[in-house]
Amino acid sequence: MLDNLILGFQTALTLENVLWCAVGVVLGTVIGLLPGLGSTTGVAVLLPLTFVMEPVTALIMLAGIYYGAQYGGTITSVLISTPGEAASVVTTLDGYQMAKRGRAGAALAISAIGSFIAAIISLALLMALAPPLASIALEFQPVEMFAIMILGLVIVVTFQGGALVRGGLMAALGLLVATVGIFPGTGSTQRFTFDNVNLLSGIPFVEVMIGIFALGEVLYQIRVGAAKPIRARFKDMVIKRKDITDSMPAILRGSGIGFLLGMLPGAGSTLASFMSYGIERRVSKNKANFGKGAIEGVASPESANNAAANANFVPTLALGIPGGATTAVLLGAFTIFGIQPGPQLFETQPELVWGLLVSFFIGNVLLLVLNLPLAPVFAQMLRIPYGYLYPIILLTSLVGAYSVGNNMFSVWLVLIFGVLGYLMKELDLPLAPFVLGLVLGPLFEKALVQTSAIGQGDLGVVFQSPIAVGVLLLAVVMVLLPRLIGMARGALRRRKEQALVG
């Protein structure tokens, strides 16, 4: 282990590799800032530029783009409620509220600190346990993934505390929107496409995200009257020691949850950030402030996001199975360079593997050094009068949407879902369950179809898997436990009242 680490540092700390790692994280941050791009698109677009590089240098730069984009998406989530990355959607719930209260700098700083700590924890686990963890991840077949999807939906529906009905309806709406396109069970049956070829591949998540969050927020603010620009003092935008102390348990929990989910093929950073937020809201002593600007609501999903991004490399490197969309593109880069990921990769090409893993640490140090001092500077954007800021948001959103599909259909989708997002805000409907329903829809349906096929039409096959049964029991506990605790507290209160009367 020690010899491998020394080899990794010798590889990653060459001037050329450090330089390209820095280029990657800076490019990733910029890409994450732009709605509609994200890490997957950024890595895919810039991949041809790496063909003239050495394989290890190219992969270090591409990986830097990957985790740099995670932080870039956080900046717009906090400042203008426009997530640049799908995994940054949850950060808007509390990060944007902190920004409205003049604490944007603290929100951005804790996201950088949380991401860095999560990176260190997840990298230590990745280096020590990648091969055995990969074999554990292989145990999660369609039946187990079906149970995981159910657990994810349950956790997000229960975001809303007592408003379970609204949360459930919004999650169902997200799942319904996700069914548009070709039915995966047949590969030919069209659903809700209305003979429009643009809908054959489904409704793209990016366009929905831009519409719901960016355009919806702008329309809502115009209707209620734009708030005055935030005039917080510079020192008010700097993170305090108490913020770090309050956030540390959330960072550690988010790191663990993110790593566990990130190593499952297909689960990805988005599910990890949602589940981490949902669990944190349940265990936190500060439950009442969640959704209103709780700093733990930023620290937990951002830590999970980064930990999951690193854990995605467990199945990618050890099994040759992509952990998510971006690692699927990176897997293509491995193939282009003539490298075959799999169990033997750690033995046949240790210099490449350990140099790449150590570069994650270097890249996250660079991100912390660059972004922590700049957090209050980024927060100064909120001083711009909203009359100037809203047109910039609209222009960036529409251009970003057009760049995704290179057609006007994407722009129309943004406008349609922008109106829907505005209506949701007007009616005080929760956005998080809808978004995760949309994200999990294809994964949920794929796991459902495969589970049904394994059981020859009998979904009872789920109960033959100990792992799936354990996950489903956890989902039941997540639903029933708060109610049982509430009933117990009510009974205890009534006993005390009767005792006082008696």
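You'll find the side chain of Met424 reaches within 4.5 Å of the side chain of Leu173, heavy atoms only. Counting heavy atoms from C-beta on, the side chains of Leu398 and Leu215 never come closer than 4.5 Å. The shortest distance between side-chain heavy atoms of Leu200 and Ile182 falls below 4.5 Å. Put simply, the side chain of Leu420 does not reach to within 4.5 Å of the side chain of Val208, judged on heavy atoms. Between Ile117 and Ile121, the closest side-chain pair of non-hydrogen atoms falls below 4.5 Å. Using a 4.5 Å heavy-atom threshold, the side chains of Ile454 and Pro142 count as touching. Using a 4.5 Å heavy-atom threshold, the side chains of Met98 and Ile295 count as touching. For the pair Glu302/Thr91, a side-chain contact is recorded, criterion being any heavy-atom separation below 4.5 Å from C-beta on.
Put simply, the side chain of Asn305 never gets that close to the backbone of Pro301: no donor and acceptor are under 3.5 Å apart. No donor-acceptor distance shorter than 3.5 angstrom exists from the side chain of Ser247 to the backbone of Ile244, with no hydrogens or angles considered. A donor-acceptor pair under 3.5 Å links the side-chain atoms of Thr179 to the main chain of Leu176, judged by distance alone. Under a 3.5 Å cut-off, the side chain of Asp94 and the backbone N or O of Ala294 do form a donor-acceptor pair. Between the Asn364 side chain and the Leu367 main chain, no donor and acceptor come within less than 3.5 Å of each other. Panel note: side chain Ser276, backbone Ser300; a donor-acceptor pair is recorded below 3.5 Å.
The CG atom of Leu199 sits 8.0 Å away from atom CZ of Phe194, with the distance rounded to the nearest 0.5 Å. Remark: Thr29 OG1 to Ile75 CD1 distance equals 6.5 Å, nearest 0.5 Å. A distance of 11.0 Å separates CG of Leu415 from OG of Ser410, quoted to the nearest 0.5 Å. To the nearest 0.5 Å, the span separating OG1 on Thr92 from CD1 on Ile212 amounts to 11.0 Å. With rounding to the nearest 0.5 angstrom, the CG atom of Asn198 is 5.0 Å from the CZ atom of Phe409. We find the CZ-CD1 distance between Phe274 and Ile279 to be 13.5 Å, quoted to the nearest 0.5 Å.
In plain terms, the two heavy atoms of Ala272 and Ile257 that are nearest each other are O-CG2, 4.3 Å. A pairwise comparison of heavy atoms in Val469 and Val462 identifies CG2-O, 4.0 Å as the closest pair. Among all heavy-atom pairs drawn from Val471 and Ala147, the shortest one is CG1-O, 3.4 Å. Scanning all heavy atoms of the two residues, the minimum distance from Ser465 to Glu144 falls at OG-OE2, 2.5 Å. Counting all heavy atoms, side chain and backbone alike, Asp243 lies closest to Ile110 at O-CD1, 4.3 Å. Here the closest non-hydrogen pair linking Asp246 and Pro249 is O-CD, 3.7 Å.
Within 6.0 Å of NZ in Lys446 there are 12 or fewer heavy atoms belonging to other residues, nucleotides or ligands.
With sequence neighbours excluded, the residues that form a side-chain contact (heavy atoms from CB on, under 4.5 Å) with Ala118 are Ser255, Ser303, Asn306, Ala307. Ser452 is linked by a side-chain contact (heavy atoms from CB on, under 4.5 Å) to Leu459, counting only residues two or more places apart in sequence or in another chain.
Using a 30° and 60° split on the angle between ring planes, Phe434 and Phe417 fall in the tilted class, from 30° to 60°.
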Next on the checklist: Test side-chain contact (heavy atoms from CB on, under 4.5 Å) on Phe146 and Gln450; report intermediate values, then the result.
Outcome noted: CA-CA 9 Å; Phe146 177 60; Gln450 291 176 335; over 6 Å; no

